[in-house]
2 protein chains.
Amino acid sequence: MDDNQSLGQRVFHRIREDILSGKYGKDEELKEKTIGDELGVSRTPVREALRQLELEGLVTIIPNKGAYVVGFSAQDIHDIYEIRSLLEGLCARWAAKRATPEQLEALEEIMMLSDFKVQRGHFDQLVELDNKFHQQLYEASGSKVLEHVLRNYHHYVERARKMTLPVPKRSVESNEEHRQILAAIRDKDEDQAEVLANRHMMNTIQNFDRLYLRK
Amino acid sequence: MDDNQSLGQRVFHRIREDILSGKYGKDEELKEKTIGDELGVSRTPVREALRQLELEGLVTIIPNKGAYVVGFSAQDIHDIYEIRSLLEGLCARWAAKRATPEQLEALEEIMMLSDFKVQRGHFDQLVELDNKFHQQLYEASGSKVLEHVLRNYHHYVERARKMTLPVPKRSVESNEEHRQILAAIRDKDEDQAEVLANRHMMNTIQNFDRLYLRK
DNA sequence: AAGTGTATAATTGTATACAAAAATACACGT
DNA sequence: ACGTGTATTTTTGTATACAATTATACACTT
């Protein structure tokens with residue numbers, strides 16, 4: 001792991017993980033001193049982290065009172081996927097319009113690696129490549145703003161994805177959908193790229209719901 | 001203004017305003033001590049604010065080096081409006097599906113007030129009501145996540161809106177569009193609500209572009 | 001004059017100290 | 001027993017102190 005980042009950032013990521021993983025439950029109070037002692041740091045970096053987490057919506061801070069974990073439900077994750085569905089569509093559309101040759105090349109490379117991993121049955125390593133594909137797509141949209149919001153959401157549901165993608169069947173399907181999206185972008189077919197990216201996310205939702213909402 | 005919030009939050013809002021208003025230009029270095037001295041506070045609240053601003057994408061922090069203003073262009077604002085167009089559409093759709101009677105009532109009330117202000121020609125006071133209408137709509141979506149992201153963007157472009165909405169003609173149009181969206185929500189016509197909210201935002205984009213991108 | 005190395009200053013990162021507010025404990029009166 | 005007021009403790013908010021890192025100045029060499 002990247003070790004030369006500031007304590008504040010490390011604490012931020014750590015607490016976020018602990019919230020997303022459920023270590024800290026809904027409405028639990030996060031005390032600066034307690035967390036600081038646990039992580040072996042002073043209150044200062046912890047405070048910074050908590051303030052950041054509030055902005056992410058994972059924590060509510062009541063002034064002079066404390067920081068409380070904002071619970072997030074399976075419904076919330078579902079909502080995020082729906083939002084992402086729209087935004088990934090827009091992203092694919094813009095990528096089709098403005099991706100540079102280098103960005104396209106990067107996408108092709110990730111695609112090739114993914115195919116390789118699928119062939120070899122290394123489904124676990126596909127999670128990381130799925131990450132990379134989407135991140136690269138965000139960059140290819142050419143929009144700083146869109147990239148920023150999608151990155152956020154992407155990370156938000158990372159935990160959910162880690163649990164759902166390793167289902168081998170879905171993983172192969174997902175890879176196939178990536179291929180089609182990439183083809184549409186290569187052809188500069190904006191409408192098609194948007195529709196496919198949209199559908200890709202909707203399929204991911206279904207997969208998630210099947211596992212967690214039992215619909 | 002709300003005065004009983006923490007210094008950190010006040011500094012956060014202040015610096016954000018100063019970035020959005022252009023007081024701090026692109027790539028400008030924000031030094032903790034300098035800002036602290038200007039605002040009459042110590043470095044601690046300033047640091048907290050800068051860490052939060054980084055998360056919002058307004059500032060880049062290079063560890064051990066400094067915080068730098070991330071410039072945002074008219075293109076960025078345009079992008080935000082396009083993103084909002086999709087999300088406001090989704091929001092209206094969900095509001096049509098799940099708005100409570102109380103939330104509907106609140107929307108009706110804002111609508112009525114807006115009509116009144118239009119009739120009287122008090123276009124300046126419509127900005128605030130436009131705010132309220134959208135904020136209430138976000139709440140009516142029943143999705144914490146969607147509400148969160150839309151609030152963010154809404155505030156982000158607040159400055160742009162303050163400059164574009166007071167154009168009386170647009171202001172009347174906008175009010176009319178709100179009325180139609182509200183009607184669709186009242187009728188629980190999800191598709192119609194989405195389309196109208198979508199179009200509403202697209203019209204806002206056009207108004208913005210006409211003024212700032214000269215298209 | 002250009003480049004290099006080193007001392008110095010400025011700036012950020014973290015911990016700690018102190019102030020303010022809130023939570024808790026507990027004696028007291030009813 | 002129950003509420004109430006007060007003292008005590010805990011926790012947050014802010015400032016400051018010190019450490020680590022980076023930027024700057026400047027003498028020195030070539």
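A quick note: this is a predicted structure, and the numbers were derived from the prediction, not measured. Reminder, nothing fancy here: chain letters follow the sequence lines and each chain counts from 1.
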* Whole Å only: how far is the CD1 atom of Ile61(B) from the C1' atom of dT21(D)? -> 16 Å

* Between dA22(C) atom C1' and Glu32(A) atom CD, what is the distance in whole Å? -> 14 Å

* Asked: Picking from dT12(D), dG13(C), dA15(D), which would you name as closest to the side chain of Pro45(B)?
  -> dA15(D)

* Would you kindly give the CZ-to-C1' distance between Arg47(B) and dT16(C), to the nearest whole Å? => 15 Å

* To do: Give a yes or no on whether a salt bridge exists between Asp79(B) and Lys144(A), defined as a side-chain N under 4.0 angstrom from a carboxylate O.
  => no

* Euclidean distance, atom CD of residue Glu54(B) to atom P of dG13(C) [Å, nearest integer] -> 10 Å

* **First encountered from the 5' end of DNA chain C, between Gly40(A) and Gly66(B)** => Gly66(B)

* Distance only, no hydrogens: is a donor on one side chain within 3.5 Å (strictly under) of an acceptor on the other, for Arg84(B) and Thr204(B)? -> no

* To do: Can you tell me the distance, in whole Å, between the NZ atom of Lys31(B) and the P atom of dT22(D)?
  => 16 Å

* **Asn152(A) side, atom CG; Leu87(A) side, atom CG - distance, nearest 0.5 Å** => 11.5 Å

* Which nucleotide in the set dG13(D), dA15(C), dT11(C) lies at the smallest distance from any side-chain heavy atom of Pro63(A)? -> dG13(D)

* Structure fact -> Quick note, Glu29(A) side chain, CB onward, closest among dA15(C), dA15(D), dT12(D) is dT12(D)

* **Distance, rounded to the nearest Å, where Asn64(A) contributes CG and dG13(D) contributes C1'** => 7 Å

* Asked: Does dA23(D) have OP1 or OP2 sitting under 4.0 Å from an N or O in the side chain of Lys65(B)?
  -> yes

* Let me know the distance between CG of Leu7(B) and C1' of dC18(C), rounded to the nearest Å. => 15 Å

* **Greater than 12 external heavy atoms within 6.0 Å of Arg16(A)'s CZ** => yes

* Among the candidates dG13(C), dA22(C), dA15(D), find the nucleotide nearest to the side-chain atoms of Ser6(A). => dG13(C)

* Return the value, rounded to whole Å, for the distance between atom NZ of Lys33(A) and atom P of dG13(D). => 16 Å

* To do: Give one of base, sugar-phosphate or nothing for Ile62(B), where a contact means two heavy atoms less than 4.0 Å apart.
  => nothing

* Look at Arg43(B) and dT16(D) and indicate whether a side-chain polar atom (N or O) is within less than 4.0 Å of OP1 or OP2. => no

* Asked: Hey, does the side chain of Arg51(A) come within less than 4.0 Å of dT12(D)'s phosphate (OP1/OP2), counting only N and O?
  -> no

* Evaluate the side-chain proximity of Ile35(A) to Tyr24(A): yes if any heavy-atom separation is below 4.5 Å, no if none is. => yes

* To do: Using a 4.0 Å heavy-atom cut-off across all strands, classify Leu30(A) as base, sugar-phosphate, or nothing.
  => sugar-phosphate

* To do: Verify the contact: side-chain N or O of Thr44(A) to OP1 or OP2 of dT14(C), cut-off strictly under 4.0 Å; return yes or no.
  => no

